[in-house]
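The analysis underlying the following values was restricted to heavy atoms, covering all of them including side chains, and did not include hydrogens, waters or symmetry mates.
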Amino acid sequence: VLTHDMIVAGVHFLPNDPPQDVAWKLIAVNLSDLAAKGAVPMGILLGAGLTGDAGWNAGFTDGLRDACVHFGVPLLGGDTVKMPAGSVVTLGLTAIGRASGTVPSRSGARPGDGVYIAGVIGDAGLGLRILQSGAEGPASLIAAYRRPLPLLETGRMLAGAVTAMMDISDGLLIDASRMAVASDVAIMIDLDAVPLSSDAIAYAGSDRAARLAAATAGDDYALLFTSTLPLPPGPSRITRIGKVTRGSGLILNDGDGDVPMPTSLGWEHG
């Protein structure tokens with residue numbers, strides 16, 4: 001199982017984020033793709049476009065080592081280049097994984113399946129908001145943005161019990177819509193059921209506006225999946241948020257009735 005993702009300063013991380021956290025995030029977002037396939041990480045290849053800031057580069061190297069040790073994944077090789085003056089840090093990483101059994105895709109959802117999330121939604125979006133505003137906020141929300149935790153063990157445990165699975169990187173709604181398109185079905189989501197952390201609720205509330213903000217924020221790296229089978233117990237919080245039906249697209253509702261679709265469903269690439 002192979003995946004490649006890139007992150008760029010000012011787009012995927014803040015220019016003043018600690019370089020150790022940037023290294024962690026680069027590895028974590030790629031391992032999250034392996035988690036969605038139920039794969040075991042085997043190694044990574046790094047492509048790093050670095051600036052002339054020796055202190056930043058040293059901090060990045062330290063963070064890279066720490067993340068490799070934490071996730072138990074070796075750095076197999078890659079390449080580094082010095083960027084031209086005025087360029088921003090640009091980083092790419094290829095993660096190599098070994099399938100542990102069934103390899104789910106995002107195209108297997110079928111009418112009658114339940115729709116589930118492993119993990120919580122919206123913490124990273126709030127962490128970004130806190131950092132951009134300079135306001136005080138829970139450290140857990142900032143950590144969710146800077147140091148996401150790919151659900152590798154959960155992905156492996158779920159892989160044989162799901163009909164479709166993908167990680168949530170660009171926002172719950174936009175990623176659910178992509179699963180619906182790939183599977184040629186409609187996905188109904190109960191906004192009230194979307195799992196929020198206690199810190200997120202304490203900081204931003206849990207009304208319709210707060211839940212829509214969480215559902216359209218990115219960088220969660222939770223797992224979105226569909227299934228009709230009994231789910232095995234695992235280390236992550238698992239929540240049923242809806243169901244798969246015939247049709248196309250997304251359908252949103254909550255305790256007050258139908259929820260109008262927001263103008264933006266999440267992060268659009270390009």
Thr226 side chain to Thr163 side chain, donor-acceptor N/O pair below 3.5 angstrom: yes
Aromatic ring proximity, centroids under 6.0 angstrom, Phe71 and Trp24: yes
Side-chain (Ser32) to main-chain (Val29) donor-acceptor, under 3.5 angstrom: no
Test item: Ser100 side-chain N/O and Gly38 main-chain N/O as donor-acceptor pair under 3.5 Å: yes
Nearest heavy atoms of Thr228 and Gly112, plus distance in Å: CG2-O, 4.0 Å
Side-chain touch Pro111/Val185, heavy atoms, less than 4.5 angstrom: yes
Approximate separation, where rounding is to 0.5 Å, of Met166 CE and Asp175 CG: 4.0 Å
Co-membership, hydrophobic cluster, residues Val181 and Leu173, 4.5 Å side-chain: no
Euclidean distance, Ile121 CD1 relative to Asp220 CG, rounded to 0.5 Å: 4.0 Å
Donor-acceptor contact present, side-chain Lys37 to main-chain Ala99, <3.5 Å: no
Candidate pair Asp219 and Leu128, rule side-chain contact (heavy atoms from CB on, under 4.5 Å), full reasoning: CA-CA 9 Å; Asp219 282 325; Leu128 175 60; 5.6 Å; no
Phe60 with Leu75, same ILVMFWY side-chain cluster at under 4.5 Å: yes
From Leu196 atom CG to Ile201 atom CD1, the distance as rounded to the nearest 0.5 Å: 5.0 Å
Spacing of CD1 belonging to Ile142 relative to CG belonging to Asp199, to within rounding of 0.5 Å: 11.0 Å
Exercise: identify the closest heavy-atom pair between Ile238 and Ala118: CG1-CB, 4.1 Å
Check: Leu191 and Asn253 side chains under 4.5 Å, non-hydrogen atoms: no
Pair Leu26-Leu46, side-chain contact (heavy atoms from CB on, under 4.5 Å): steps then yes or no: CA-CA 9 Å; Leu26 177 64; Leu46 170 70; 3.6 Å; yes
Closest non-hydrogen atom pair between Ser236 and Gly119, with its separation: CB-N, 4.5 Å
Hphob cluster co-occupancy, Tyr116 + Val120, side-chain heavy atoms under 4.5 angstrom: no
Step-by-step side-chain contact (heavy atoms from CB on, under 4.5 Å) determination, Val244 to Val115: CA-CA 7 Å; Val244 180; Val115 180; 3.7 Å; yes
More than 12 heavy atoms of other groups within 6.0 Å of Glu136 CD: no
CG on Leu34 to CG on Asp167, rounded to 0.5 Å: 10.0 Å
Whether Arg147 side chain and Leu149 backbone form a donor-acceptor pair below 3.5 Å: no
Which atom of Leu250 lies closest to which atom of Met261, heavy atoms considered: O-CE, 3.4 Å
Cluster overlap Met179 with Leu172, hydrophobic side-chain contacts below 4.5 Å: yes
Backbone of Arg106 reached by a side-chain donor or acceptor of Ser183 within 3.5 Å: yes
Side-chain heavy atoms of Ile130 within contact of Tyr203, under 4.5 Å: yes
Nearest atoms (heavy-atom pairs only) where Cys68 meets Ile44: SG-CD1, 3.8 Å
Heavy atoms of other groups near Asp53 CG, more than 12 under 6.0 Å: yes
Close side-chain approach of Leu14 to Tyr145, heavy-atom, < 4.5 Å: yes
Ile27 CD1 to Ile7 CD1 distance, which is reported to the nearest 0.5 Å: 10.0 Å
Under 3.5 Å: donor-acceptor pair, side chain of Asp254, backbone of Asp256: yes
Backbone N/O of Val8 and side chain of His12: donor-acceptor pair under 3.5 Å: yes
Arg178/Asp170 under side-chain contact (heavy atoms from CB on, under 4.5 Å): CA gap, chis, key distance, verdict: CA-CA 11 Å; Arg178 290 165 178 161; Asp170 295 330; 2.7 Å; yes
Candidate list Ile117, Asp192, Asp190, test side-chain contact (heavy atoms from CB on, under 4.5 Å), partner Ile241, passing option: Ile117
Chi angles and distances behind the salt bridge (charged side-chain N to carboxylate O under 4.0 Å, His left out) call for Arg110, Asp113: CA-CA 6 Å; Arg110 297 292 178 261; Asp113 288 352; over 6 Å; no
Stacked cation flag Lys25 on Tyr221, 6.0 angstrom / 45 deg: no
Within-4.5 Å side-chain heavy-atom neighbours: Pro41 and Leu152: yes
Check: Asn57 side chain, Thr51 main-chain N or O, donor-acceptor pair, under 3.5 Å: yes
Path from Leu93 to Trp56 over hydrophobic side-chain contacts below 4.5 Å: yes
Test item: Asn30 side-chain N/O and Ala95 main-chain N/O as donor-acceptor pair under 3.5 Å: no
Heavy-atom pair with the smallest gap, counting every atom of Leu151 and Ala35: O-CB, 3.5 Å
Side chain proximity check, Ile189 to Val259, heavy atoms < 4.5 angstrom: no
Polar side-chain atom of Thr216 near backbone of Leu212 as donor-acceptor pair, under 3.5 Å: yes
Ser227 vs Leu158 side-chain heavy atoms within contact, under 4.5 Å: no
Heavy-atom check, side chain of Arg65 versus side chain of Gln20, under 4.5 Å: no
